[in-house]
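Since this is a predicted model, take the numbers as computed values, not measurements.
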Amino acid sequence: MAAAALRARLNTLVTSMFATGMLDENFHQLQSMEEDGKADRGYVADMINLFIKDTKRILNDIAGLLSQPVVDYDMVDVLVRQLKGSSYSVGAKKVNLSGMQFRRFNEPRSKERCLMALALAWSEFCEVRSKFEAMMQLEEQIATYGPK
């Protein structure tokens, strides 16, 4: 597939991610930094990979805490803050919003509500991770054609 066609697919993917509320302006800022030369080539991919790794760890850590007979809700709150920060850094809006919802569910210290919030956060994360992985795969394919 020609580079132009791959770029068109990539642009369509990113546009749809914005249209569905999956991404916010912070993602544009990341892209702009790389495009303007303020960040090295591959910066966006590095940030996305870090987001995926950190978010998976955070969600697993929260799941571990919620599986305990006595839940450390303060630690859950610390991890949810990390989740929000990680998602904010790459513009993963839906994951960030799920973190906000999680904090509301953590306030009454309800294990059941926190488990529901965790399920939502996992769902949003899996969706954005899948799209980010498709995006990076297209970027790699485009890179094989050389610079723009």
Side-chain angles (χ1 to χ4, degrees), residues 1-67 73 75-108 110 112-148:
M1 186 177 286
L6 289 169
R7 277 192 193 90
R9 282 183 51 197
L10 178 60
N11 290 338
T12 299
L13 174 61
V14 173
T15 299
S16 74
M17 291 173 76
F18 275 100
T20 60
M22 192 175 290
L23 296 178
D24 65 22
E25 188 57 36
N26 290 336
F27 185 76
H28 269 312
Q29 290 177 359
L30 279 181
Q31 285 183 311
S32 294
M33 289 175 64
E34 189 173 300
E35 290 167 1
D36 296 345
K38 294 177 184 171
D40 293 336
R41 183 170 167 78
Y43 176 72
V44 173
D46 290 345
M47 292 297 291
I48 288 171
N49 283 322
L50 185 60
F51 160 75
I52 290 170
K53 178 183 165 212
D54 285 350
T55 302
K56 188 174 181 182
R57 176 194 52 80
I58 292 165
L59 292 173
N60 280 325
D61 288 352
I62 292 171
L65 288 171
L66 293 175
S67 71
Y73 289 103
M75 190 61 198
V76 169
D77 191 52
V78 167
L79 290 168
V80 170
R81 287 175 193 261
Q82 289 177 14
L83 172 68
K84 289 179 55 172
S86 179
S87 59
Y88 181 81
S89 70
V90 295
K93 183 178 179 180
K94 281 189 172 183
V95 177
N96 193 359
L97 291 173
S98 73
M100 288 181 197
Q101 176 127 5
F102 207 121
R103 292 209 58 217
R104 283 195 298 274
F105 283 174
N106 192 33
E107 284 303 313
S110 166
E112 182 179 305
R113 292 178 78 184
C114 284
L115 287 169
M116 289 181 349
L118 178 62
L120 173 65
W122 266 112
S123 175
E124 298 295 3
F125 167 66
C126 289
E127 184 180 6
V128 77
R129 178 184 60 190
S130 171
K131 301 285 187 182
F132 274 156
E133 288 171 346
M135 182 187 308
M136 290 188 302
Q137 187 176 40
L138 286 167
E139 289 278 5
E140 287 175 14
Q141 291 172 355
I142 291 167
T144 63
Y145 286 97
K148 290 182 184 177

Quick one: sort the Phe51 and Phe125 rings into parallel, tilted or perpendicular, breaks at 30° and 60°.
-> perpendicular
Would you check if the side chain of Asp24 reaches a backbone N or O of Asn26 as a donor-acceptor pair within less than 3.5 Å?
-> yes
Would you find a donor on one side and an acceptor on the other, under 3.5 Å apart, between the side chain of Ser130 and the backbone of Cys126?
-> no
Hey, are the side chains of Met116 and Gln101 touching, using non-hydrogen atoms and a 4.5 Å cut-off?
-> no
Keeping the roles fixed (side chain from Asn49, backbone from Ala45), state whether a donor-acceptor pair exists under 3.5 Å.
-> yes
Looking only at heavy atoms, which two atoms of Ala3 and Ile142 are closest? And how far apart?
-> O-CG1, 4.4 Å
For Ile62 and Leu118, the nearest pair of non-hydrogen atoms, with its separation, is CG2-CD1, 4.0 Å
State which residues pass side-chain contact (heavy atoms from CB on, under 4.5 Å) with Glu112; sequence neighbours excluded, sorted by chain then number.
-> Ser110
Please round to the nearest 0.5 Å and tell me the distance separating atom OG of Ser16 and atom CG of Asn11.
-> 11.0 Å
Quick one: does Glu34's side chain have a donor or acceptor within less than 3.5 Å of a partner on Tyr43's backbone?
-> yes
Is the closest side-chain heavy-atom distance between Trp122 and Lys56 below 4.5 Å?
-> yes
Can you name the closest pair of heavy atoms from Ile58 and Leu79 and give their distance?
-> CG2-O, 3.3 Å
Heavy atoms only: give me the nearest Phe27-Met135 pair and the separation to one decimal.
-> CZ-SD, 3.5 Å
Nearest-0.5 Å distance that lies between atom CZ in Arg104 and atom CZ in Arg113 | 9.5 Å
Roughly how far apart are Thr55 OG1 and Leu59 CG, rounded to 0.5 Å?
-> 6.5 Å
When rounded to the nearest 0.5 Å, the distance separating OG of Ser89 from CD of Gln29 is 11.5 Å
Identify the two heavy atoms, one from Ser86 and one from Asp54, that lie closest to each other, and give their separation to 0.1 Å.
-> OG-CB, 4.0 Å
Considering residues, nucleotides and ligands other than Lys94, do more than 12 of their heavy atoms fall under 6.0 Å from its NZ?
-> yes
Side chain of Thr12, backbone of Ala8: donor and acceptor closer than 3.5 Å?
-> yes
Any donor-acceptor N/O pair, Asn96 side chain to Ala92 backbone, under 3.5 Å | no
Taking all non-hydrogen atoms of both residues, which atom of Leu83 and which atom of Gly99 are closest, and how far apart?
-> CD2-CA, 4.2 Å
Heavy-atom distance under 4.5 Å between the side chains of Met17 and Val128, does that happen here?
-> yes
Any donor-acceptor pair under 3.5 Å from Ser67 side chain to Gly64 backbone | yes
Calculate, to the nearest 0.5 Å, the distance between atoms CG and CD belonging to Leu30 and Glu35 respectively.
-> 10.5 Å
Greater than 12 external heavy atoms within 6.0 Å of Asp40's CG = no
From CZ (Phe102) to NZ (Lys84), nearest 0.5 Å | 12.5 Å
Tyr88 atom OH: more than 12 heavy-atom contacts under 6.0 Å = no
